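One structure is given here, and the rest of the page talks about it.
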Protein chains: 2
Amino acid sequence: MVVYELSEEQTNKVFRALADATRRDIVARTLHAEVSISTLAADYDMSFAAVQKHVAFLESAGLVSKIARGRERIVRGQPDTIRHAQQLLSSLEEIWRQRINRLDDFLADEAT
Amino acid sequence: MVVYELSEEQTNKVFRALADATRRDIVARTLHAEVSISTLAADYDMSFAAVQKHVAFLESAGLVSKIARGRERIVRGQPDTIRHAQQLLSSLEEIWRQRINRLDDFLADEAT
DNA sequence: GTATCGTACAACCAAATGGTTGTATATGAA
DNA sequence: TTCATATACAACCATTTGGTTGTACGATAC
């Protein structure tokens, strides 16, 4: 799997985009299947414009993409960007794992 | 591994907390080793109070914990919360994976 | 051709964010 | 005891966020 490096600003945007329940739901739905913005909007208790803004934010974060189909805009989830976020979290967890290893080494030294 | 369910609000907070480079750095450093707030603050180009606020936010998101040691407050990264976030991202990726499986099924049907 | 649908976008607003400075307080050092 | 250090916290400020309504416009349906 090829991994592209994200700029710090892009990384901020990705996590920011995920920090909202409506946007996480949109990501989930558009990863499941392609959906138009108006179809998405029908299920949330907010204006169409508000949903449109959420989609725009997700698009600028790279978590979804939009393509025109007739008068509709079809939204599609972007699994690659999810994987970038996953990778960052994995690297954090790895830092912790290595700390535990160092602690094990220390305890092993103490035991001798 | 036991997995606790996070409230939607807590999930928002976790991702919000990760959407800032300084906070991600603090998480990385405190997962690597325990550090006092003032030690953390020395390395950032902002006031002590600003770093203190970042730590407070991370603490309320469950990404770090603080314990008192003398006049210092020692900050420690919390790998469990990282794993919660990982798990949510994994579930999103899984949605996409299942969509691909459905697509494979569809193509297999077409081929018959 | 006209009406409707789906979208884009601007202007506006309240609340949250991310920083600042200043003050208070507890601990540790001299 | 006195001074310096580490933290907590309040007040303040500019910017961003997450919502709203209103207007405009291309695509589709009648």
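Just so you know, these numbers use all the heavy atoms, side chains as well, and skip hydrogens, waters and symmetry mates. Remember, it's a predicted structure, so these values are computed and weren't measured experimentally.
- B/Ser47 has no side-chain polar atom (N or O) that falls below the 4.0 Å cut-off from OP1 or OP2 of C/dG19.
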Atom pairs, protein N/O to nucleotides 13-16 of chain C N/O, distance under 3.5 Å:
none

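- By the side-chain hydrogen bond (donor to acceptor under 3.5 Å, both in side chains) test, B/Glu34 pairs with B/Arg76, sequence neighbours left out.
- Shown here are the side chain to side chain contact (heavy atoms under 4.5 Å, CB included) partners of A/Ala28, two or more places apart in sequence or in another chain: B/Leu92, B/Ile95.
- Shown here are the side chain to side chain contact (heavy atoms under 4.5 Å, CB included) partners of A/Ser91, two or more places apart in sequence or in another chain: there are none.
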Contacts under 3.5 Å, N or O only, protein and nucleotides 9-15 of chain D:
none

Review item, side-chain donor-acceptor pairs of residues 36-49 of chain B, under 3.5 Å, at least two apart:
{"residue": "B/Ser36", "atom": "OG", "partner": "B/Ser38", "partner atom": "OG", "Å": "3.3"}
{"residue": "B/Ser36", "atom": "OG", "partner": "B/Thr39", "partner atom": "N", "Å": "3.1"}
{"residue": "B/Ser36", "atom": "OG", "partner": "B/Thr39", "partner atom": "OG1", "Å": "2.7"}
{"residue": "B/Asp43", "atom": "OD2", "partner": "B/Arg29", "partner atom": "NH2", "Å": "3.0"}
{"residue": "B/Tyr44", "atom": "OH", "partner": "B/Asp25", "partner atom": "OD2", "Å": "2.5"}
{"residue": "B/Tyr44", "atom": "OH", "partner": "B/Arg29", "partner atom": "NH1", "Å": "3.2"}
{"residue": "B/Ser47", "atom": "OG", "partner": "B/Ala50", "partner atom": "N", "Å": "3.1"}

Side-chain donor-acceptor contacts of residues 62-70 of chain A below 3.5 Å, not counting sequence neighbours, with atom names and distances?
{"residue": "A/Ser65", "atom": "OG", "partner": "A/Gln78", "partner atom": "OE1", "Å": "3.2"}

Discussion item. Does the protein touch nucleotides 23-30 of chain D at the base, only the backbone, or not at all? Give it as B, S and - per nucleotide, heavy atoms under 4.0 Å.
Written reply: ---BBB--
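- Scanning residues 24-40 of chain B for heavy-atom distances under 4.0 Å to DNA chain C yields an empty list.
- Under the side-chain hydrogen bond (donor to acceptor under 3.5 Å, both in side chains) criterion, B/Glu72 pairs with no residue, sequence neighbours left out.
- With sequence neighbours excluded, the residues forming a side-chain hydrogen bond (donor to acceptor under 3.5 Å, both in side chains) with A/Arg102 are B/His32, listed by chain and number.
- The side-chain hydrogen bond (donor to acceptor under 3.5 Å, both in side chains) search around A/Gln98 returns A/Glu94, not counting sequence neighbours.
- B/Leu31 and B/Phe57 sit in two unconnected hydrophobic clusters of ILVMFWY residues. Membership requires side-chain heavy atoms under 4.5 Å apart, directly or through other members.
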